[in-house]
Amino acid sequence: IRKEGQIYTGQVIEVKDYYGRIRKKVKCENHSIPLEIRDEFLSDYYEGDMVTFTAKKEANRNDQSKSFWYATNVQVKSL
């Protein structure tokens with residue numbers, strides 16, 4: 001991901017966090033690791049759904065010199 005606020009396409013995946021809870025993320029070709037989804041309507045999409053999303057970033061909590069990218073405005077891509 002190169003530009004904040006740009007719209008990308010990806011696939012919803014489910015991963016277990018450190019505590020064993022299932023978290024939905026977006027896997028896309030433009031970023032090496034799946035992006036956390038920050039959206040109010042997580043129940044609107046399911047694992048395997050193709051979606052469009054807006055990429056946003058903030059300072060990484062562990063290393064302020066790096067960026068933490070996440071997905072917002074996630075919408076199921078119509079066929």
So how far is it from D49 CG to Q75 CD, rounded to the nearest 0.5 Å?
-> 12.5 Å

What pair of heavy atoms forms the shortest contact from [X] to [Y], and how long is it?
X: D44; Y: V76; result: O-CG2, 3.8 Å
X: E14; Y: K24; result: OE2-CE, 3.9 Å
X: K3; Y: Y8; result: N-OH, 3.5 Å
X: F53; Y: A71; result: CD1-CB, 3.5 Å

Other than Y70, which residues form its hydrophobic cluster under the rule that side-chain heavy atoms must be closer than 4.5 Å?
-> F68

Kindly give the cluster partners of Y46, where membership spreads through any ILVMFWY side chain lying under 4.5 Å from a current member.
-> none

Hey, are the side chains of I22 and K16 touching, using non-hydrogen atoms and a 4.5 Å cut-off?
-> yes

Side chains of I13 and V26: closer than 4.5 Å at any heavy-atom pair?
-> no

Would T72 and V74 satisfy side-chain contact (heavy atoms from CB on, under 4.5 Å), going step by step from the backbone distance to the final call?
-> CA-CA 5 Å; T72 187; V74 178; 5.9 Å; no

What residues, two or more places apart in sequence or in another chain, satisfy side chain to side chain contact (heavy atoms under 4.5 Å, CB included) together with [X]?
X: Y19; value: D17, R21
X: T9; value: M50, T52, K77
X: N62; value: N60

Mind checking side chain to side chain donor-acceptor pair (under 3.5 Å) for S65 and listing every partner two or more places apart, or none if nothing turns up?
-> D63

Show me, pair by pair, the donor-acceptor contacts under 3.5 angstrom made by side chains of residues 27-38, not counting sequence neighbours?
residue, atom, partner, partner atom, Å
E36, OE2, R38, NE, 2.8
R38, NH1, E58, OE1, 3.0
R38, NH2, E58, OE2, 3.2

